[in-house]
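Got a structure for you, written out below as structure tokens; questions coming shortly.
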Amino acid sequence: MFTGIVEEVGKVKSIREKSGGLSLLIEATHILDDLKMGDSIAVNGACLTCTKLEQKGFWADVSKETLDKTNLKYASVGEYLNLERALKLSDRLSGHIVLGHVDCTANLLSIKNTGDFYILRVQLSKDINNYVILKGSVCVDGMSLTVSNLTENYFEVAVIPHTFENTTLKFRKPAYKLNIEADYFGKFIEKYLKNLKEVK
């Protein structure tokens with residue numbers, strides 16, 4: 001479980017093909033302080049497992065299912081990725097509850113600098129249409145953000161300069177495919193109501 005508060009921007013140093021997936025070597029510094037083999041880590045919002053530690057990075061395996069669902073299938077050596085260690089029970093929940101189970105990818109339509117904020121416009125996929133609400137939370141490439149505008153085809157989020165400069169957003173251009181995880185509370189409510197209707 002994560003919070004969507006990016007701790008560090010890592011860099012892909014090596015990619016190895018594995019049966020049914022890939023193995024990524026990601027360069028990092030800060031998150032290595034207490035990272036251990038077997039720990040969960042959010043990489044662009046996708047929950048991966050640290051399989052091996054290096055002096056200046058860590059290895060993580062990416063299964064075919066994760067590749068199919070996320071933008072990690074487009075990862076290349078030199079690419080920057082958002083990193084967050086798993087939540088401790090003693091930590092403050094500064095963002096929102098993020099599971100690291102990416103629902104889909106969506107195109108970044110535009111980034112607009114308004115002076116005090118950056119406005120990101122993101123394609124609204126049918127996969128998450130029911131779970132994205134105005135002023136609600138959404139996880140975009142591992143970042144907990146608040147929906148500031150919503151239409152049938154896209155949603156927008158306002159990003160403060162600190163977040164823009166300390167995440168991968170400063171490297172992104174329109175058409176980049178972002179990992180999207182909708183707030184899971186909406187999914188539980190939808191399933192509960194569906195089951196309730198079937199029982200009646």
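Side-chain atoms are counted along with the backbone in the values below, which use heavy atoms only and exclude waters and symmetry mates. Small disclaimer: the values here were computed from a predicted structure and weren't measured.
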Query raised in the report: Would Ile128 and Tyr184 show up in the same hydrophobic cluster when neighbours are defined by side-chain heavy atoms closer than 4.5 Å?
Result: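 They do not share one cluster, since no chain of ILVMFWY contacts under 4.5 Å joins Ile128 to Tyr184.
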
Query - Minimum side-chain heavy-atom gap Leu120-Val159 below 4.5 Å - result: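 With C-beta onward as the side chain, the pair touches.
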
Requested in this report: Give the minimum heavy-atom separation between Lys177 and Asn107, together with the two atoms involved.
Outcome: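 Taking Lys177 first and Asn107 second, the nearest heavy atoms are NZ-OD1, 3.0 Å.
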
Query raised in the report: Does the side chain of Phe58 reach to within under 4.5 Å of the side chain of Leu32, using non-hydrogen atoms?
Result: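 In contact.
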
Requested in this report: Return yes if some donor-acceptor pair links the side-chain N/O of Asn179 with the main-chain N/O of Asn44 below 3.5 Å, else return no.
Outcome: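 Such a contact is found between Asn179 side chain and Asn44 backbone.
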
Query - Side-chain heavy-atom pair Val9, Leu81 within 4.5 angstrom cut-off - result: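 When only atoms from C-beta onward are counted, Leu81 and Val9 do not touch, as no gap falls below 4.5 Å.
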
Report task. Apply side chain to side chain contact (heavy atoms under 4.5 Å, CB included) to Ser76 and list each qualifying residue two or more places apart in sequence or on a separate chain. Result ->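 Ser76: side chain to side chain contact (heavy atoms under 4.5 Å, CB included) contacts with Glu79.
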
Report task. Identify the heavy atoms of Thr70 and Thr66 that sit nearest to each other, and give their distance. Result ->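 Where Thr70 meets Thr66 most closely, the heavy atoms are OG1-O, 2.8 Å.
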
**Report entry** Counterpart residues, ring pair (Phe, Tyr, Trp, His ring centres under 6.0 Å), relative to Tyr118 (two or more places apart)
**Finding:**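 Tyr118: ring pair (Phe, Tyr, Trp, His ring centres under 6.0 Å) contacts with Phe164.
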
Query raised in the report: Are the side chains of Thr146 and Val157 in touch, meaning some heavy atoms are under 4.5 Å apart?
Result: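 No. Closest side-chain heavy atoms not under 4.5 Å.
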
**Report entry** Qualifying salt bridge (Lys or Arg N to Asp or Glu O under 4.0 Å) pairs with a residue from residues 94-107, counting only residues at least two apart or across chains
**Finding:**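 Those involving residues 94-107 are Asp103-Lys187.
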
Report task. Answer with yes or no whether the side chains of Asp127 and Ser125 bring together a donor and an acceptor at under 3.5 Å. Result ->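 Distance-only check passes for Ser125 and Asp127.
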
Query raised in the report: Under the 3.5 angstrom rule, does the side chain of Glu181 hit a backbone N or O of Leu99 as a donor-acceptor pair?
Result: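 It does hold such a pair.
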
**Report entry** Contact list for residues 11-21, test side-chain hydrogen bond (donor to acceptor under 3.5 Å, both in side chains), sequence neighbours left out
**Finding:**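 The answer is Lys18-Asp61.
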
Query raised in the report: Between Thr167 and Met143, which heavy-atom pair has the shortest distance, and what is it?
Result: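 It is OG1-SD, 3.6 Å.
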
Query - Side-chain heavy-atom pair Phe2, Cys139 within 4.5 angstrom cut-off - result: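 Phe2 does not reach Cys139 side chain to side chain.
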
Report task. Could you walk me through whether Leu72 and Val43 pass the side chain to side chain contact (heavy atoms under 4.5 Å, CB included) test, one step at a time? Result -> CA-CA 9 Å; Leu72 295 178; Val43 179; 4.1 Å; yes

Requested in this report: Report the distance from atom OG1 of Thr163 to atom CG of Leu145, rounding to the nearest 0.5 Å.
Outcome: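 The OG1 atom of Thr163 sits 7.0 Å away from the CG atom of Leu145.
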
Requested in this report: Taking side chain to side chain contact (heavy atoms under 4.5 Å, CB included) as the test, write out the residues that go with Asp33, two or more places apart.
Outcome: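 For Asp33 the side chain to side chain contact (heavy atoms under 4.5 Å, CB included) partners, ignoring immediate neighbours, are His30, Arg85.
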
Report task. Would you please test Ile180 and Val140 for side chain to side chain contact (heavy atoms under 4.5 Å, CB included) and show each step? Result -> CA-CA 5 Å; Ile180 309 294; Val140 178; 4.0 Å; yes

Query raised in the report: Please walk me through it: do Val62 and Leu67 pass side chain to side chain contact (heavy atoms under 4.5 Å, CB included)?
Result: CA-CA 7 Å; Val62 189; Leu67 289 174; 3.5 Å; yes

Query - Tyr80 reachable from Leu83 in the ILVMFWY side-chain graph, under 4.5 Å edges - result: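 No, separate clusters.
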
Do any side-chain atoms of residues 45-54 form donor-acceptor pairs under 3.5 angstrom with protein atoms, and if so which ones, sequence neighbours left out?
| from | atom 1 | to | atom 2 | distance (Å) |
| --- | --- | --- | --- | --- |
| Thr51 | OG1 | Trp59 | O | 3.2 |
| Glu54 | OE2 | Trp59 | NE1 | 2.9 |

Report task. Name all residues meeting the salt bridge (charged side-chain N to carboxylate O under 4.0 Å, His left out) criterion together with Lys135; count only those two or more places apart in sequence or in a different chain, and write none if there are none. Result ->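 With neighbours one apart ignored, the set is empty.
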
Query raised in the report: What closest approach, in Å, do Asp34 and Lys88 show between heavy atoms, and which atom pair accounts for it?
Result: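 Distance-wise, the nearest heavy atoms are OD2-NZ, 3.6 Å.
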
Query raised in the report: Within a strict 4.5 Å, meaning less than it, do heavy atoms of the Arg172 and Asp141 side chains meet?
Result: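 They are in side-chain contact.
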
Query raised in the report: Would Asn71 and Thr105 count as having a side-chain donor-acceptor pair, cut-off 3.5 Å?
Result: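 Thr105 and Asn71 do not have a side-chain donor-acceptor pair below 3.5 Å.
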
Query - Residues forming a salt bridge (charged side-chain N to carboxylate O under 4.0 Å, His left out) with Glu156, sequence neighbours excluded - result: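 Here the qualifying residues are Arg121.
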
Report task. Give a yes or no answer on whether the side chain of Glu8 reaches the backbone of Thr29 with a donor-acceptor pair at less than 3.5 Å. Result ->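 It does hold such a pair.
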
Requested in this report: Decide yes or no for Ile31 and Ile41: does some side-chain heavy atom of the first lie under 4.5 Å from some side-chain heavy atom of the second?
Outcome: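 Contact flag for Ile31/Ile41 side chains = yes.
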
Query raised in the report: Residues two or more places apart in sequence or in another chain: which of them pass ring pair (Phe, Tyr, Trp, His ring centres under 6.0 Å) with Tyr176?
Result: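 Testing Tyr176 for ring pair (Phe, Tyr, Trp, His ring centres under 6.0 Å), a comparison that skips the adjacent residues, returns none.
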
**Report entry** Pairing residues for Lys64 by the salt bridge (charged side-chain N to carboxylate O under 4.0 Å, His left out) criterion, not counting sequence neighbours
**Finding:**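 Scan of Lys64 (salt bridge (charged side-chain N to carboxylate O under 4.0 Å, His left out), adjacent residues dropped) gives Asp68.
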
Query raised in the report: Side-chain heavy atoms under 4.5 angstrom apart, residues restricted to Ile, Leu, Val, Met, Phe, Trp, Tyr: same cluster for Val12 and Leu25?
Result: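 No: no chain of side-chain contacts under 4.5 Å links Val12 to Leu25.
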
Report task. Apply side chain to side chain contact (heavy atoms under 4.5 Å, CB included) to the pair Ile133 and Val147, showing each step before the final yes or no. Result -> CA-CA 7 Å; Ile133 61 171; Val147 178; over 6 Å; no

Query raised in the report: Do side-chain atoms of Lys56 reach the backbone of Glu27 as a donor and acceptor pair under 3.5 angstrom?
Result: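 No; zero donor-acceptor contacts below 3.5 Å.
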
Query raised in the report: Quick one: side chain to side chain contact (heavy atoms under 4.5 Å, CB included) partners of Thr3, sequence neighbours excluded?
Result: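 Scan of Thr3 (side chain to side chain contact (heavy atoms under 4.5 Å, CB included), adjacent residues dropped) gives Ile5, Glu84, Leu87, Leu93.
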
Query raised in the report: About how many Å separate NZ of Lys112 and CZ of Phe117, when rounded to the nearest 0.5 Å?
Result: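 Here the interatomic distance stands at 14.0 Å.
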
Query - Results of ring pair (Phe, Tyr, Trp, His ring centres under 6.0 Å) for Tyr131 - residues two or more places apart only - result: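 Expected list: none.
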
Query - Point-to-point distance, once rounded to the nearest 0.5 Å, from CG of Leu108 to NZ of Lys173 - result: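 Reported value, rounded in 0.5 Å steps: 10.5 Å.
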
**Report entry** Greater than 12 external heavy atoms within 6.0 Å of Phe171's CZ
**Finding:**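 Yes - once you tally the heavy atoms of other residues, nucleotides and ligands closer than 6.0 Å, there are more than 12.
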
Query - Heavy-atom closest pair, residues His162 and Asn166 - result: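 Looking at all heavy atoms of both residues, the shortest contact is O-ND2, 2.8 Å.
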
Query raised in the report: In terms of hydrophobic clusters joined by side-chain contacts under 4.5 Å, are Val6 and Ile97 together?
Result: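 No; Ile97 is not reachable from Val6 via cluster members.
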
Query raised in the report: In terms of hydrophobic clustering (I, L, V, M, F, W, Y; side-chain heavy atoms under 4.5 Å; direct or indirect links), are Ile119 and Phe155 co-clustered?
Result: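 Ile119 and Phe155: separate clusters.
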
Query - Any side-chain heavy-atom pair of Val122 and Leu178 under 4.5 Å - result: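 SC-SC contact between Val122 and Leu178 confirmed.
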
